[in-house]
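Structure first, commentary second.
Sequence lines set the chain letters: A, B, ... in the order given, protein chains first and strands last, and positions in each chain run from 1. Bear in mind that the values here come from a model prediction, so they are computed numbers and not experimental data.
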Amino acid sequence: MKLELKNNNLILTDVDSFSLRETFECGQAFRFYREEDGSYTPIHRGRVINLKETPDGVIVKNTDMDEFKEVWWDYFDFSTDYGAIKKHLSVDPIMEEAISYGEGIRILKQDYFETLISFIVSANNQIPRIKKIIEEMSKKYGRRIEVKEDVAGSDRDFYSFPNPEELSLSTADELREELRVGFRAERIWEVANKVRTGVFDINSLAGMTYEEGKEALMTLNGVGPKVANCVLLFGYSKTTAFPVDVWVKRIMEDLYFKKETPNKIIEDFGKEKFGDLSGYAQQYLFYYARER
DNA sequence: TGCCAGGGGTTCA
DNA sequence: TGAACCCCTGGC
């Protein structure tokens with residue numbers, strides 16, 4: 001993976017294991033738009049860029065070399081060798097097949113607080129509605145982001161995801177009535193305020209082991225095993241996490257267990273089998289389950 | 001048009 | 001272990 005400036009365009013070349021579609025559509029992120037020209041527009045840490053795949057590489061708009069290196073390089077996990085990970089996981093023939101469907105998946109490193117709230121919203125919910133709620137939440141409580149460069153001809157406004165202070169200005173009633181989050185309203189408000197006041201130290205999880213982090217997260221109302229695993233994987237890059245959602249459950253039962261199996265058994269089996277690469281394996285399986 | 005199931009789970013009994 | 005949960009969408 002190389003970053004170059006060509007004809008006044010920022011462009012990623014020697015692209016290795018990176019597909020925009022596979023990376024954004026594998027269920028880990030909610031804050032992106034797929035544009036009509038096939039390009040993608042993610043929002044992260046109060047910034048917006050647009051990425052478009054071309055035969056010459058991936059063209060990146062609305063950023064510069066410094067910002068890309070500082071903010072986006074890490075977000076896309078470009079320092080990790082996915083070729084080695086895929087090779088390792090492919091000793092399992094089932095995984096080899098799953099990986100062939102999503103060779104270009106990368107696990108994003110997203111903001112802790114945003115990831116936490118987003119996956120609380122995701123509980124017993126569907127992706128289009130989750131995306132809509134997160135977008136409305138950002139619009140109402142976040143800040144508007146100035147876009148310098150034309151982003152794929154789009155004229156929409158962009159908003160940063162609210163920080164704990166901003167989201168704490170809400171009330172549970174407001175979240176329920178205006179954002180239509182239903183029974184998740186109290187959970188969201190409560191967690192936002194626990195983070196704001198420091199009752200829950202969200203940064204400290206980065207220095208914890210996977211097990212410690214999971215235990216800490218699950219003390220929060222609205223965070224069960226699935227949500228905790230997602231937050232640890234997509235926020236804190238704890239790749240021993242193996243989130244079991246309905247899709248992973250389905251495909252694991254189909255391919256490995258050959259019968260109905262409790263989520264806990266599936267999660268333990270995945271962690272045992274894939275070890276430090278569990279999170280990657282889970283993403284390949286999730287994408288495979290939805291695409292096959 | 002109207003009813004019903006089900007959805008990237010979690011909680012409470 | 002099992003039902004309820006806000007709300008929305010798609011299928012009949």
Side-chain angles (χ1 to χ4, degrees), chain A residues 21-32 34 98 101-102 105-108 110 114-137 140 161 170-192 194 200 213-236 238-239 241-255 259-268 270-271 278-292:
Chain A
R21 179 179 139 77
E22 290 166 13
T23 295
F24 285 114
E25 313 278 1
C26 66
Q28 59 179 324
F30 304 105
R31 303 228 63 210
F32 65 87
R34 182 185 161 82
Y101 277 73
I105 290 174
R106 279 180 177 267
I107 298 188
L108 301 171
Q110 302 177 70
E114 174 171 345
T115 308
L116 176 55
I117 297 296
S118 296
F119 280 93
I120 289 173
V121 171
S122 82
N124 192 226
N125 213 338
Q126 28 213 6
I127 293 175
R129 195 177 152 220
I130 299 165
K131 287 182 77 165
K132 189 163 173 254
I133 289 171
I134 305 295
E135 188 176 2
E136 291 297 313
M137 191 177 281
K140 186 159 174 60
F161 189 83
S170 68
T171 62
D173 283 342
E174 211 172 76
L175 294 169
R176 187 171 34 241
E177 286 158 21
E178 294 184 32
L179 303 186
R180 319 296 294 166
V181 298
F183 60 81
R184 305 166 193 83
E186 284 78 12
R187 302 172 178 178
I188 295 166
W189 186 87
E190 198 179 299
V191 169
K194 278 189 174 175
F200 186 81
K214 190 177 179 190
E215 198 183 334
L217 282 168
M218 286 181 63
T219 64
L220 296 172
N221 195 12
V223 181
K226 154 67 167 66
V227 171
N229 277 319
C230 285
V231 175
L232 289 166
L233 182 57
F234 306 133
Y236 295 91
K238 307 282 188 198
T239 58
F242 192 78
V244 179
D245 56 53
V246 289
W247 293 96
V248 170
K249 181 179 170 68
R250 248 172 240 164
I251 199 152
M252 291 291 286
E253 286 173 345
D254 189 18
L255 300 179
K259 61 174 181 182
E260 209 182 318
T261 310
N263 287 16
K264 172 88 176 101
I265 305 288
I266 298 175
E267 186 186 335
D268 291 344
K271 283 191 289 210
S278 295
Y280 303 101
Q282 189 269 2
Q283 281 306 89
Y284 293 124
L285 288 166
F286 177 87
Y287 194 77
Y288 179 47
R290 295 188 55 126
E291 294 290 317
R292 67 175 174 158

Q.
Would K132(A) and E136(A) count as a salt bridge (charged side-chain N to carboxylate O under 4.0 Å, His left out) here? Give the steps.
A. CA-CA 6 Å; K132(A) 189 163 173 254; E136(A) 291 297 313; over 6 Å; no
Rounded to whole angstrom units, what separation is found between the [atom1] atom of [X] and the [atom2] atom of [N]?
X       : N       : atom1 : atom2 : value
I127(A) : dG7(B)  : CD1   : P     : 12 Å
M218(A) : dT10(B) : CE    : P     : 7 Å
E267(A) : dG9(B)  : CD    : C1'   : 13 Å
W247(A) : dG9(B)  : CH2   : P     : 11 Å
N124(A) : dG9(B)  : CG    : P     : 7 Å
I188(A) : dC6(C)  : CD1   : P     : 13 Å
I266(A) : dG9(B)  : CD1   : P     : 12 Å
L175(A) : dC6(C)  : CG    : P     : 14 Å

* Less than 4.5 Å apart, any side-chain heavy atom of P225(A) and any of N263(A)? -> no
**Item:** pair R34(A)-E25(A): side-chain heavy atoms closer than 4.5 Å
**Value:** yes
Tell me whether the count of non-hydrogen atoms from other residues, nucleotides or ligands lying under 6.0 Å of CD in E291(A) goes above 12. yes
Please classify the nucleic acid contact of [X] as base, sugar-phosphate, or nothing, using heavy-atom distances under 4.0 Å.
X       : value
F286(A) : base
P243(A) : nothing
V223(A) : sugar-phosphate
L220(A) : sugar-phosphate
R290(A) : nothing

Note to self: Closer than 3.5 angstrom, by distance alone: can the side chain of R184(A) be matched with the main-chain N or O of V121(A) as a donor-acceptor pair?
What the structure shows: yes
| query | With no hydrogens and no angle check, is any side-chain donor or acceptor of Q110(A) less than 3.5 Å from a backbone partner on Q28(A)? | reply | yes
Can you check the distance between [N] and [M], where both ends of the measurement are the [atom1] atom (answer in whole Å)?
N       : M      : atom1 : answer
dT1(B)  : dC7(C) : P     : 23 Å
dA13(B) : dC6(C) : P     : 14 Å
dT10(B) : dT9(C) : P     : 23 Å

task = Find out whether the Lys NZ or Arg CZ of K226(A) is both under 6.0 angstrom from the six-membered ring centre of F119(A) and within 45° of the ring's axis.
result = no
Taking Watson-Crick and G-U wobble contacts under 3.5 angstrom, with | marking pairs to another strand and [ ] crossing pairs, the secondary structure of DNA chain B is written .||||||.|||||
On DNA chain B, more 5' by nearest nucleotide between N221(A) and C26(A) is C26(A)
Sorted by position of nearest nucleotide on DNA chain B, 5' first, the leading residue of F234(A) and R187(A) is F234(A)
Result for side chain to side chain contact (heavy atoms under 4.5 Å, CB included) between K214(A) and one of V231(A), L232(A), V223(A) points to L232(A)
From the list L220(A), I188(A), T115(A), N221(A), side chain to side chain contact (heavy atoms under 4.5 Å, CB included) partner of I120(A) resolves to I188(A)
* To do: Flag the pair Y101(A) / Y288(A) as yes when their ring centroid distance falls below 6.0 Å, and as no otherwise.
  => yes
Heavy-atom contacts, protein to nucleotides 7-12 of chain C, under 4.0 Å, summarised as B (base), S (sugar-phosphate only) or - (none) per nt, yield BB----
